[in-house]
Amino acid sequence: MIIGSPEEDWDSGKKRSGHAVKVVLLVLVLAGLVGTWIFISGHVLIETREPVDPVPFVDRYPSEPEEAVRLARESWERFVEAPGLSGRVLEVRDRERVEPLIEDFHVRRGHPFPMMESLSEGEAVTLGERRMVLFRVKNFSEKVYPVSVEWAGDRFAVDWESLSAYGTMDWAELIESRPETTHTMRVYLGELPDQLKPRAGEEWSFFRMEHRDSPETVAIAVGGKTAAVVAPELEGKRAPATIEVRWNPEIGQFEIVRLVSWGWSL
């Protein structure tokens, strides 16, 4: 039985093909619309799923130490429990200056935020004109860190620089790469036994340099007027300091270019 001529079959095939193409195009358009809706909805959800509450302000520094400790503890808890970087940044001291450091340390270099298991009672102290509450926090590896939550004029704020011992280069990388460019580091400085002091000329004094997160001790050279400033502060003790440091190829040792400050807070 003859169903149709070749010409009729050809025309019917073209019609069916055209119809199929239209169906495919319609499906693609609908898929695009659905995808766009999902993207927009997802984007809105991502932006809104981590709402950041405004930081509560305080009229004046609390007259009672217990109240200062309570407010400082609340600031620390908001910092630790914030769901994202934007929330944590609100709780740090000197935010405008420190925020780029936080992004460098936690985002660009990939260091995780501290996961803390417990927090000590807290003690309200005054150092010069600075008022703060000092805590000791323990992480899940049983390591204990000192944390300062400082009065910022209208609120308490976490001293992130001291918490992270922030440096412009990771300690391990500094020791391995020995950069001749200057880097800012937060370290411990202490006296170096005479038998361990390198020979590099009378114009250099040598001390020991250590990092909070490493058992390694490194000799570091100090010259000129800086040596006269550093030496009296390290007699019989180990002190935290923020320094500018570089590798000096002429003496084959690390060198303190500048003592930025005693302590890790600027």
Side-chain angles (χ1 to χ4, degrees), residues 52 55 72-120 122-123 125 127 130 132-152 155-177 179 182-190 209-218 220 238-245 254 256 258-266:
V52 177
V55 177
R73 179 182 291 271
E74 289 177 357
S75 175
W76 168 256
E77 290 174 349
R78 287 193 299 270
F79 172 79
V80 173
E81 295 171 2
L85 182 66
S86 58
R88 292 178 186 256
V89 166
L90 292 178
E91 295 296 335
V92 301
R93 186 179 72 88
D94 202 358
R95 175 184 173 185
E96 290 186 3
R97 180 179 62 82
V98 171
E99 186 170 3
L101 309 184
I102 292 177
E103 292 178 350
D104 171 57
F105 192 73
H106 292 298
V107 179
R108 187 181 69 81
R109 288 154 60 184
H111 292 285
F113 273 96
M115 298 293 291
M116 300 301 177
E117 180 184 19
S118 62
L119 187 68
S120 67
E123 179 185 4
V125 300
L127 298 176
R130 296 169 67 172
M132 62 195 72
V133 176
L134 300 179
F135 296 100
R136 296 181 69 81
V137 296
K138 183 172 67 174
N139 65 15
F140 290 96
S141 300
E142 300 296 315
K143 192 165 186 177
V144 176
Y145 294 95
V147 174
S148 170
V149 183
E150 187 163 332
W151 175 248
R155 64 190 179 98
F156 281 93
V158 175
D159 180 13
W160 177 85
E161 290 168 289
S162 292
L163 172 65
S164 64
Y166 174 78
T168 54
M169 179 179 281
D170 290 347
W171 172 261
E173 184 181 0
L174 180 85
I175 300 304
E176 182 179 354
S177 65
T182 299
H183 284 272
T184 301
M185 301 295 294
R186 287 170 171 81
V187 298
Y188 289 109
L189 298 177
M209 175 176 67
E210 301 166 293
H211 193 270
R212 184 191 66 184
D213 299 327
S214 173
E216 191 168 14
T217 296
V218 178
I220 188 163
R238 175 176 177 260
T242 302
I243 62 173
E244 290 181 353
V245 58
F254 283 102
I256 293 180
R258 184 170 74 96
L259 174 67
V260 179
S261 68
W262 291 111
W264 293 346
S265 297
L266 301 185

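Values in this document were obtained by computation on a predicted structure and should not be read as measured data.
Rounding to the nearest 0.5 Å places CZ of Phe254 at 9.0 Å from CE of Met185. Going from atom CZ of Arg186 over to atom OG of Ser261 covers 7.0 Å, rounded to the nearest 0.5 Å. Separation of atoms NE2 (His211) and CG (Leu174) is listed at 9.0 Å; rounding is to 0.5 Å. Taken from CZ in Phe156 to CZ in Arg78, the straight-line distance is 11.0 Å, to the nearest 0.5 Å. Of the inter-residue distances, the one linking Glu74 atom CD with Glu91 atom CD reads 10.0 Å to the nearest 0.5 angstrom. Atom-to-atom distance recorded for Met132:CE and Asp159:CG is 7.5 Å, nearest 0.5 angstrom.
Side-chain atoms of Ser162 and Ser265 include a donor-acceptor pair closer than 3.5 Å.
Looking at Thr217 and Tyr188, their side chains never come closer than 4.5 Å, going by heavy atoms from C-beta outward. Using a 4.5 Å heavy-atom threshold, the side chains of Val187 and Ile220 count as separate. Side-chain contact between Val147 and Phe79 is absent, with no heavy atoms from C-beta onward closer than 4.5 Å. Counting heavy atoms from C-beta outward, Ser164 and His111 have side chains that stay 4.5 Å or more apart. Between Val98 and Arg93 there is no side-chain heavy-atom pair separated by less than 4.5 Å. Between Trp160 and Arg88, the closest side-chain pair of non-hydrogen atoms is not below 4.5 Å. Looking only at side-chain heavy atoms (C-beta outward), Ile256 and Val245 stay at 4.5 Å or farther from each other. When side chains are defined from C-beta on, Leu85 counts as touching Phe113, because their heavy atoms get closer than 4.5 Å.
Leu163 and Arg212 make their closest contact through O-NH1, 2.6 Å (heavy atoms, listed as atom of the first residue, atom of the second, distance). Closest heavy-atom contact between Arg155 and Trp151: O-CE3, 3.4 Å.
Judged purely by atom type and a 3.5 angstrom limit, Thr168 has no side-chain atom pairing as donor or acceptor with the backbone of His183.
Of the residues Glu210, Glu176, Glu216, the one that meets the side-chain contact (heavy atoms from CB on, under 4.5 Å) test with Trp171 is Glu216.
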Assess whether side chain to side chain contact (heavy atoms under 4.5 Å, CB included) is satisfied between Ile243 and Met209, documenting all intermediate values. CA-CA 10 Å; Ile243 62 173; Met209 175 176 67; 3.9 Å; yes
